[in-house]
Engineer: 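Please read through the structure below; I'll follow up with questions.
Quick note: numbers below take in every heavy atom, side chains included, and nothing from hydrogens, waters or symmetry partners. Just so we're clear, the structure is a prediction, and the values are computed from it rather than from any experiment. Quick note on labels: first sequence line is chain A, next is B, and so on, each numbered from 1.
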Amino acid sequence: MIQAPKGTKDILPKDIETWHFMEKMAEEVCSSANFLEIRTPTFEATQLFSRGVGDSTDIVNKEMYTFEKNERSLTLRPENTAGVVRAYIENGMSRLSPPVKLWYKGPMFRYERPQAGRQRQFHQIGVEMFGESSPLADVECINLAVSYLKKLGLNDLVVELNSLGCKECRESFKTNLRAVFEKYLPELCEDCKVRYEKNPLRILDCKNENCGKIFQNDTIQKLINSDFICGECDEHYISVQKYLDDLGIKYSKNKQLVRGLDYYNRTVFEIKSYNLGSQNAVCGGGRYDGLVEMLGGESTPAVGWAMGMERLASLLPEREPERLDYFIISTDTEKTLILANEIRSAGYKVDYDFRGRKFAKQLDKAIKTAKNALILGEDEIAKDEITVKNLIKSEQTTLKKEAFIKELLKK
RNA sequence: GCGGGUGUCGCCAAGUGGUUAAGGCCCCGGUUUGUGGUACCGGUACUCGUGGGUUCAAGUCCCAUCAUCCGCCCCA
């Protein structure tokens with residue numbers, strides 16, 4: 001028996017209503033804020049990710065599905081910001097009047113050990129905004145995420161906020177971090193030793209118990225809590241908070257929120273649920289002012305976020321499948337075939353029993369699946385009539401078939 | 001990549017070395033040639049993830065392997 005590949009899941013009909021709901025709400029919320037949908041390829045040149053996402057990240061180092069074709073290295077997208085940025089540059093979207101606001105949905109691929117809330121193929125909904133450096137843009141994005149989650153009916157979510165500063169202040173912070181951690185270098189875990197060289201900011205993200213103990217140290221706490229960001233970055237961060245307050249969006253500041261993607265600067269945020277187990281981030285995002293330029297475009301400020309749809313789905317209640325408008329009960333399968341076709345052409349959902357089973361069995365099926373039963377038995381056929389039985393109100397009327405069809409077309 | 005749990009029908013499950021592998025849901029048929037989900041009766045696993053081994057005897061014990069779940073790491 002061939003099984004679905006490890007870490008992939010079938011989205012079955014019983015769950016599809018939830019997925020339609022998530023997609024429909026995303027479309028509504030995004031277009032209400034003038035974000036336009038974009039669809040980019042599911043695979044891209046490997047270089048796009050190694051340069052865009054950053055080669056100090058786990059995503060690029062060990063989680064990419066990469067394959068060669070005609071001496072080209074291609075990779076199944078592990079996230080979609082790099083792809084959207086590529087499309088933005090390639091299609092000359094910098095010529096559009098800024099800000100350019102885009103949203104997307106689709107599958108992403110990461111080669112990881114599957115776990116609750118973590119799959120190798122998973123789906124994201126995300127937004128990207130280009131060409132606006134104002135903190136308003138950051139807040140518009142965060143607000144969009146919060147509005148969307150609210151629209152889905154999700155409560156008990158926490159927004160966490162941090163600022164990573166700009167290139168300049170980040171470099172000086174990195175230098176400071178290295179200076180402080182130098183003493184503890186032998187005690188740090190293996191991963192952190194690598195992080196020390198490549199990106200010491202990510203040491204703060206380490207969950208290793210021993211490293212956690214080291215973080216308790218006074219000088220380190222002082223450094224973590226110090227406002228290393230420069231005046232301009234601080235001003236930006238304060239404005240973001242002010243606008244969030246204006247909107248009544250609650251958030252908590254988390255100085256250890258660093259994020260594993262290299263492209264972020266200034267504002268970063270996550271939205272978490274405590275009903276999710278250890279993979280508790282439902283949304284993650286931030287500002288990435290350097291990425292467009294790094295990928296060959298003009299220097300363009302940008303902000304965005306992505307949400308994991310499987311994680312959202314697991315927080316949503318199950319939805320009942322929509323009922324059929326009609327279920328035809330009949331012993332004459334030929335007449336039924338024709339009638340079903342006519343009703344479907346008029347735009348209604350119809351089904352019927354293919355095997356011409358007994359009346360009681362067919363009625364049973366109608367009760368389970370439809371709003372109305374259409375009875376087309378010997379009596380009706382003889383008089384060219386049809387009986388419409390409303391299964392909810394428990395009322396029924398018999399009328400000429402012509403009249404029934406005419407009635408359908410009228411609605 | 002590392003640690004732990006679990007694999008018996010489509011789903012939930014009993015079974016703890018000894019004849020023919022409970023039960024429930026769903027599905028199918030009947031009681032009932034045309035009007036309400038009830039009730040009652042009947043049907044659906046040549047076999048317990050797979051391969052070895054131990055034993056007179058294995059779903060039950062051992063080993064391996066695969067799958068899956070949970071945690072670490074990382075992220076959505």
Engineer: On RNA chain B, nearest-nucleotide positions of Lys62(A) versus Val282(A): which is more 5'?
Structural biologist: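 Its nearest nucleotide being more 5', the pick is Lys62(A).
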Engineer: Rounded off to whole Å, could you give me the CZ-to-P distance for the Arg110(A) and rG1(B) pair?
Structural biologist: 18 Å
Engineer: Nearest 0.5 Å please: distance from the CG atom of Leu339(A) over to the CD1 atom of Ile386(A).
Structural biologist: 4.5 Å
Engineer: Does a donor on one side chain and an acceptor on the other come within less than 3.5 Å for Asp289(A) and Ser133(A)?
Structural biologist: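 Side chains of Asp289(A) and Ser133(A): no pair found under 3.5 Å.
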Engineer: Work out how far the P atom of rG24(B) is from that of rC41(B), and round it to whole angstrom.
Structural biologist: 10 Å
Engineer: What nucleic acid atoms does Gln396(A) come within less than 4.0 Å of, heavy atoms only: base, sugar-phosphate, or nothing?
Structural biologist: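 Touches a base.
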Engineer: Which residue, Ile142(A), Ile271(A), Val268(A), Leu144(A), forms the side chain to side chain contact (heavy atoms under 4.5 Å, CB included) with Trp305(A)?
Structural biologist: Leu144(A)
Engineer: For Lys361(A) and Thr387(A), take the nucleotide of RNA chain B holding the closest heavy atom to each; which residue's nucleotide lies nearer the 5' end?
Structural biologist: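 Per heavy-atom nearest nucleotide, the more 5' residue is Lys361(A).
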Engineer: In whole angstrom, what separates Lys14(A)'s NZ from rC25(B)'s P?
Structural biologist: 20 Å
Engineer: Please give the distance between the P atoms of rC25(B) and rG52(B) as a whole number of Å.
Structural biologist: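 The same atom, P, in both gives a distance of 38 Å.
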Engineer: Is it the case that rG34(B) (base atoms only) and Glu380(A) (side chain only) share a donor and an acceptor within less than 3.5 Å, ignoring hydrogens and angles?
Structural biologist: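 Indeed there is one.
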Engineer: Which glycosidic conformation, syn or anti, is assigned to rC70(B) if syn requires a torsion within 90° of zero?
Structural biologist: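 Glycosidic conformation of rC70(B): anti.
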Engineer: Could you give the distance separating rC66(B) and rG23(B) at their C1' atoms, to the nearest angstrom?
Structural biologist: 30 Å
Engineer: Which part of the nucleic acid, if any, lies within contact of Ile329(A), taking any heavy atom under 4.0 Å across all strands shown: a base, the sugar-phosphate backbone alone, or nothing?
Structural biologist: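 Nothing, no heavy atom under 4.0 Å.
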Engineer: Count the heavy atoms of every other residue, nucleotide or ligand shown that sit under 6.0 Å from NZ of Lys371(A), and state whether that count exceeds 12.
Structural biologist: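 Check passes, neighbour count above 12.
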Engineer: Report yes or no: is there a donor-acceptor pair, N or O only, under 3.5 Å between the side chain of Glu378(A) and the base of rU33(B)?
Structural biologist: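 Counting by modelled atom types and ignoring angles, no donor-acceptor contact under 3.5 Å is found here.
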Engineer: What about Gln279(A), does its side chain sit under 3.5 Å from the base of rC74(B) through a donor-acceptor pair?
Structural biologist: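 Flag set: donor-acceptor pair detected.
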Engineer: Taking atom C1' in both rA64(B) and rG7(B), what distance in whole Å separates the two?
Structural biologist: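 The answer is 16 Å between these two C1' atoms.
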Engineer: Between rG18(B) and rC70(B), how many Å separate the two P atoms, rounded to a whole number?
Structural biologist: 34 Å
Engineer: Between rC2(B) atom P and Asp58(A) atom CG, what is the distance in whole Å?
Structural biologist: 16 Å
Engineer: Nearest-Å distance, CD (Glu270(A)) to P (rC74(B))?
Structural biologist: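 Going from CD in Glu270(A) over to P in rC74(B) covers 12 Å.
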Engineer: Could you state the NZ-P distance from Lys389(A) to rG34(B), rounded to the nearest angstrom?
Structural biologist: 15 Å
Engineer: If I pick the P atom on rU16(B) and the same atom on rU55(B), what distance separates them, to the nearest angstrom?
Structural biologist: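 After rounding to an integer number of Å, I get 23 Å for this pair.
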Engineer: Once you round it to whole Å, what is the distance between P of rU68(B) and CZ of Arg118(A)?
Structural biologist: 14 Å
Engineer: For the P atoms, the ones on rG59(B) and on rC9(B), what distance do you get once it is rounded to whole angstrom?
Structural biologist: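 15 Å, rounded to whole Å.
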Engineer: If you measure from CG on Leu315(A) to OG1 on Thr18(A), what distance do you get to the nearest 0.5 Å?
Structural biologist: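 Spacing of CG (Leu315(A)) from OG1 (Thr18(A)) equals 11.5 Å.
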Engineer: Using atom P of each nucleotide, how far apart are rU65(B) and rG5(B) to the nearest Å?
Structural biologist: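 Each nucleotide's P atom is 16 Å from the other's.
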Engineer: Rounded to the Å, how far apart are Gln115(A) CD and rC2(B) P?
Structural biologist: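 Computing the Gln115(A):CD to rC2(B):P distance gives 15 Å.
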Engineer: Is there a donor and acceptor pair, one atom on the side chain of Lys358(A) and one on the base of rU33(B), closer than 3.5 Å?
Structural biologist: no
Engineer: Need one value for Leu391(A): base, sugar-phosphate or nothing, where a base atom within 4.0 Å counts as base even if backbone is also close, heavy atoms only.
Structural biologist: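 Counting heavy atoms under 4.0 Å across all strands, the contact made by Leu391(A) includes a base.
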Engineer: If I take atom CZ in residue Arg355(A) and atom P in nucleotide rC28(B), what distance separates them, rounded to the nearest angstrom?
Structural biologist: 7 Å
Engineer: Does a donor on one side chain sit under 3.5 Å from an acceptor on the other, for Glu380(A) and Thr387(A)?
Structural biologist: yes
